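Source: prediction; values computed, not measured. Here is the naming used below: chain letters follow the sequence lines, and residue numbers restart at 1 for every chain.
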Protein chains: 2
Amino acid sequence: MYQEESPCHYRRALEVVSSKWTVLVFYELEQETLRYSNLLQRIEGITKKMLTQTLRQLERDGLVHRHEYETVPPAVDYSLTSLGLTLIEPMRVLHRWTDAHYDSVLESRRKFDSAQEHQNNPKKN
Amino acid sequence: MYQEESPCHYRRALEVVSSKWTVLVFYELEQETLRYSNLLQRIEGITKKMLTQTLRQLERDGLVHRHEYETVPPAVDYSLTSLGLTLIEPMRVLHRWTDAHYDSVLESRRKFDSAQEHQNNPKKN
DNA sequence: CAGCATCCGACTGGATACTG
DNA sequence: CAGTATCCAGTCGGATGCTG
């Protein structure tokens with residue numbers, strides 16, 4: 001069983017995937033190779049700094065391939081590596097869970113928060 | 001396809017699961033109901049503050065149930081809710097990916113880092 | 001075009017001490 | 001026992017400006 005193995009290992013691995021922008025970059029690259037500026041446009045709210053940082057991380061982890069064309073001005077495009085492709089299915093599973101259960105999470109939060117309210121303002125009951 | 005749906009939605013949902021300690025707490029509770037102090041002992045390196053914060057979040061999200069016994073001194077135990085149980089399989093899938101591919105990630109990092117070294121110190125070649 | 005460098009406020013999380 | 005409160009260093013990430 002998975003319980004017997006190092007949970008730290010597991011946790012560190014999750015970090016590969018769970019940073020704020022990683023999922024969104026992955027999301028775009030899953031469909032097609034894209035250039036830096038394409039990614040910048042498509043991923044709403046991301047800054048150059050964060051995009052670069054995220055791509056570097058993914059490249060370092062071997063999940064994304066960076067291809068630089070020797071042109072002026074420079075052009076660079078990014079695509080998933082074969083290792084990156086293996087992550088798509090696990091991410092889909094998580095995505096499916098999201099679709100199926102995220103409403104329940106939101107619902108639970110509402111209940112929890114209003115319960116907290118009643119704790120703090122038990123006046124009008 | 002999942003691409004057509006809001007990636008933001010997806011990202012926010014990932015946050016449910018991807019905080020530093022969440023996975024480890026889940027990991028322990030997957031097997032059995034545990035008391036606060038049990039969790040504190042079992043999860044190496046976690047502080048009371050972080051454990052409490054993580055448990056509160058999970059409770060708020062409806063993934064963990066908090067049961068408080070009206071005794072002195074107080075006793076509290078935690079278990080997964082039925083919603084929490086639905087998350088186990090997705091997490092297992094991610095875990096399996098870890099086992100299968102994390103070495104590749106580490107290997108890729110080594111290569112990337114030593115390539116960076118050569119960039120910075122191209123002396124001895 | 002595809003970044004890198006810098007500044008800086010905000011948030012995170014660890015250590016420690018205290019409490020019903 | 002199961003937390004809460006406070007302090008504080010470190011990190012994250014946004015804004016802005018510069019460059020090959």
Side-chain angles (χ1 to χ4, degrees), chain A residues 7-8 11-12 14-25 28-29 32-61 64-79 112 115-116 119-120 122, chain B residues 8 11-12 14-25 28-29 32-60 64-79 112-113 115-117 119-120 122:
Chain A
C8 285
R11 178 164 74 71
R12 309 207 73 205
L14 257 191
E15 286 167 11
V16 170
V17 133
S18 68
S19 104
K20 188 180 177 188
W21 301 106
T22 304
V23 182
L24 299 179
V25 169
E28 298 296 335
L29 291 181
E32 46 180 331
T33 295
L34 288 172
R35 297 183 54 175
Y36 184 85
S37 47
N38 289 139
L39 288 167
L40 203 57
Q41 288 165 5
R42 290 178 181 225
I43 303 175
E44 194 180 317
I46 199 169
T47 59
K48 284 179 173 187
K49 179 180 174 180
M50 282 301 101
L51 180 56
T52 301
Q53 190 173 303
T54 305
L55 287 169
R56 280 295 168 286
Q57 245 158 230
L58 289 172
E59 189 193 356
R60 189 170 104 100
D61 289 349
V64 154
H65 179 68
R66 178 177 185 277
H67 185 74
E68 191 174 346
Y69 298 91
E70 301 278 329
T71 58
V72 179
V76 180
D77 60 28
Y78 293 90
S79 57
F112 186 89
Q116 290 301 88
Q119 287 283 95
N120 301 338
Chain B
C8 286
R11 178 165 74 72
R12 309 207 73 206
L14 258 190
E15 284 167 13
V16 169
V17 133
S18 69
S19 105
K20 189 180 177 187
W21 301 106
T22 304
V23 183
L24 299 179
V25 169
E28 298 296 334
L29 292 181
E32 47 181 330
T33 294
L34 287 172
R35 296 184 55 176
Y36 183 85
S37 46
N38 290 139
L39 288 167
L40 202 57
Q41 288 165 3
R42 289 177 182 228
I43 304 175
E44 192 179 317
I46 199 169
T47 59
K48 284 179 172 185
K49 179 180 173 181
M50 282 301 101
L51 180 57
T52 302
Q53 190 173 305
T54 304
L55 287 169
R56 281 293 169 286
Q57 244 158 231
L58 289 172
E59 190 193 356
R60 188 171 104 103
V64 154
H65 179 69
R66 177 177 185 278
H67 186 74
E68 190 174 347
Y69 298 90
E70 302 277 329
T71 57
V72 178
V76 179
D77 59 28
Y78 293 90
S79 56
F112 186 89
D113 292 345
Q116 291 301 87
E117 275 307 301
Q119 287 285 93
N120 301 337

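- Within the 4.5 Å cutoff, no side-chain heavy atoms of A:Thr54 are placed close to those of A:Leu24.
- The side chain of B:Tyr36 contributes no N or O atom lying less than 4.0 Å from OP1 or OP2 of D:dT4.
- A straight line from CD of A:Glu59 to C1' of C:dA2 spans 13 Å, rounded to a whole angstrom.
- When the ring-ring contact (aromatic ring centres under 6.0 Å, His included) test is applied to A:Phe112, no partner is found at least two apart in sequence or on another chain.
- Remark: P of C:dT12 and CD of B:Gln57 are 9 Å apart, rounded to the nearest angstrom.
- Counted within 6.0 Å of CD on A:Glu32, heavy atoms from surrounding residues, nucleotides or ligands total more than 12; the atom is thus considered enclosed.
- Backbone-only engagement by B:Gln53 is indicated by non-hydrogen atom pairs under 4.0 Å involving sugar-phosphate atoms exclusively.
- Side-chain nitrogen and oxygen atoms of B:Arg35 include at least one within less than 4.0 Å of the OP1 or OP2 phosphate oxygen of D:dA2.
- To the nearest angstrom, P of C:dA2 lies 9 Å from CG of A:Leu39.
- Taking all atoms of both residues into account, the shortest heavy-atom contact from B:Tyr78 to B:Leu29 is O-CD2, 3.3 Å.
- Residue B:Arg56 contributes atom CZ, which lies 15 Å from atom C1' of D:dA5 at whole-angstrom precision.
- Note: CG (A:Asn38) to P (C:dC1) measures 11 Å, nearest angstrom.
- Of all non-hydrogen atoms in B:Leu55 and B:Tyr36, the two that sit nearest each other are CD1-CD1, 4.0 Å.
- Note that CG of B:Leu40 is 5.5 Å distant from CG of B:Leu51, once rounded to the nearest 0.5 Å.
- Among the atoms of the strands shown, only primed sugar atoms or phosphate atoms (P, OP1, OP2) are found under 4.0 Å from some heavy atom of B:Tyr78.
- The separation between A:Arg42 atom CZ and C:dA2 atom P is 13 Å, rounded to whole Å.
- For the helix from C:dC1-D:dG20 to C:dG20-D:dC1, the rotation axes defined at the first and last 5 base pairs enclose an angle of 50°, given to the nearest 10°.
- The separation between B:Leu51 atom CG and D:dT4 atom P is 11 Å, rounded to whole Å.
- No side-chain heavy atom of A:Gln57 sits less than 4.5 Å from a side-chain heavy atom of A:Arg60.
- Remark: A:Ser37 is not in phosphate contact with C:dC1, judged by side-chain N or O atoms under 4.0 Å from OP1 or OP2.
- Across all non-hydrogen atoms, the minimal contact from B:Thr22 to B:Leu58 is CG2-CD2, 3.6 Å.
- Following rounding to the nearest Å, A:Leu40 (CG) and D:dG14 (C1') show an atom-to-atom distance of 14 Å.
- A pairwise comparison of heavy atoms in B:Pro74 and B:Arg35 identifies O-NH2, 4.0 Å as the closest pair.
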Protein-to-nucleotide contact annotation, 5' to 3' order, nucleotides 14-20 of chain C [B base; S sugar-phosphate only; - none; under 4.0 Å, heavy atom]:
BB----B
